[in-house]
Amino acid sequence: MKLSLLLILGLPLCALADGGLPTLPYIYVEGKAEMEQPADIVTLRFEIAARHPTQAKANEEVQVQAAKIFALLNDRKIAQDDVVAGDLRSEAEYQGNEDAPGQRRTIVGYVVTRPFAVKVREIGKFPQLVNDLLALGVESLSGIEPGLSDEKKLEDEVREKALANANQSATRTLKAAGMKIDSVFALSPVTFPEIRQRIFGGGGGPVAYAAEQMARKVDPSQYRLAPITISQQIHVIYLISPAK
């Protein structure tokens, strides 16, 4: 999410004091919101590998493994757009002590690897697919990442709730002081002291996500996806005036 800085139309830039704060009466509040949703998609990350004295043979064995994985994913109705198969990577394996100066090391073979990332959009398919991948020789899963299919929609909902929270907080504080909100001067997902740096030097603050890592168990069918928490903070400057 990019930094969102809103200046009310018609407000001259000279109204900004040092540090970007208004010269008119204002209140600066922070709104917060949080939403927890069960994961409805999962991304599996894994790597296949083959070792052989010759590079060509190691490459051939990896390609055979990859073909079996593609066939499995196709059989499980995993869309091609949800499968990312990385480039082959080949590394020589040596015999000898690399820390011993002057000692010649000899190549004893090659290891060829290929990384995969597979997005599973039907959670019910996930446990059995893990079992099937392991049965095909996938040595380990490097990542099992829960996700949300309607992520953007939920981000927008949480952002709206954070803004409503900021407005409620400001209204409550101003009522006790005999003041009222006139308009929004600026809003940002980062604190205003950081705004100048973010505008000229970097991106905005992202929506925060939290999801517990899945425990690695012997039986993959026992895996459970943790719920995902989406949280948002919004910093708002309201121009204010005495309540009539």
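For this chain, numbers begin at 1 and follow the sequence in order.
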Measuring only between side-chain heavy atoms, which start at C-beta, is [X] closer than 4.5 Å to [Y]?
X	Y	value
E155	Q232	no
N59	Y110	no
V138	I69	yes
T171	Q168	no
L148	I230	yes

Determine whether [X] and [Y] fall in the same hydrophobic cluster, where Ile, Leu, Val, Met, Phe, Trp and Tyr are linked whenever their side-chain heavy atoms lie under 4.5 Å apart.
X	Y	value
V112	V108	no
V64	V111	no
V84	F70	no
V42	L134	yes
L136	V83	yes

Nearest-0.5 Å distance, [atom1] of residue [X] to [atom2] of residue [Y]:
X	Y	atom1	atom2	value
I240	L174	CD1	CG	5.0 Å
L239	I27	CG	CD1	11.5 Å
I181	Y26	CD1	OH	15.0 Å
K32	L163	NZ	CG	15.5 Å
K119	L44	NZ	CG	11.5 Å
T173	M179	OG1	CE	12.0 Å

Exercise: identify the closest heavy-atom pair between [X] and [Y]:
X	Y	result
A226	P146	O-CB, 4.3 Å
P22	I237	CG-CG2, 3.9 Å
A166	V236	CB-CG2, 3.9 Å
Q65	A49	OE1-O, 3.0 Å
R114	G86	NE-O, 2.8 Å
A33	A162	CB-N, 3.4 Å

Subject >> salt bridge (charged side-chain N to carboxylate O under 4.0 Å, His left out) against E30, all qualifying residues, sequence neighbours excluded >> reply: none
**OP:** Check salt bridge (charged side-chain N to carboxylate O under 4.0 Å, His left out) between K68 and all other residues, then give those that pass, not counting sequence neighbours.
**Re:** none
Run the side-chain donor-acceptor check on residues 72-79: report pairs under 3.5 Å with partners two or more places apart or on a different chain.
unit_1	atom_1	unit_2	atom_2	d
R76	NE	D132	OD2	3.2
R76	NH2	D132	OD2	2.5

Original post:
Are the side chain of S142 and the backbone N or O of R45 linked by a donor-acceptor pair below 3.5 Å?
Top reply: yes
Original post:
Sub-3.5 Å donor-acceptor pair from the side chain of S169 to the main-chain atoms of N165, do we have one?
Top reply: no
**OP:** Test side chain to side chain contact (heavy atoms under 4.5 Å, CB included) on Q63 and L88 and set out the steps.
**Re:** CA-CA 9 Å; Q63 296 288 37; L88 294 176; 3.6 Å; yes
**OP:** Run the numbers on K180 and D182 for salt bridge (charged side-chain N to carboxylate O under 4.0 Å, His left out), then give the verdict.
**Re:** CA-CA 6 Å; K180 65 179 180 65; D182 282 339; 2.7 Å; yes
**OP:** Output every pair passing ring-ring contact (aromatic ring centres under 6.0 Å, His included) with a member in residues 44-68, not counting sequence neighbours, ordered by first then second residue.
**Re:** F46-F116
Original post:
Can we say R159 and D156 salt-bridge, meaning some charged N sits less than 4.0 Å from an Asp/Glu carboxylate O?
Top reply: yes
Quick one: side chains of residues 34-41, donor-acceptor pairs under 3.5 Å with protein atoms, not counting sequence neighbours, listed by atom name and distance.
unit_1	atom_1	unit_2	atom_2	d
D40	OD1	S149	N	2.8
D40	OD2	S149	OG	2.7

Original post:
Within a radius of less than 6.0 Å around NZ of K125, do more than 12 heavy atoms belonging to other residues, nucleotides or ligands occur?
Top reply: yes
Original post:
Tell me, which pairs form a salt bridge (charged side-chain N to carboxylate O under 4.0 Å, His left out) where one or both residues lie in residues 50-59, sequence neighbours left out?
Top reply: R51-E93, K57-E60
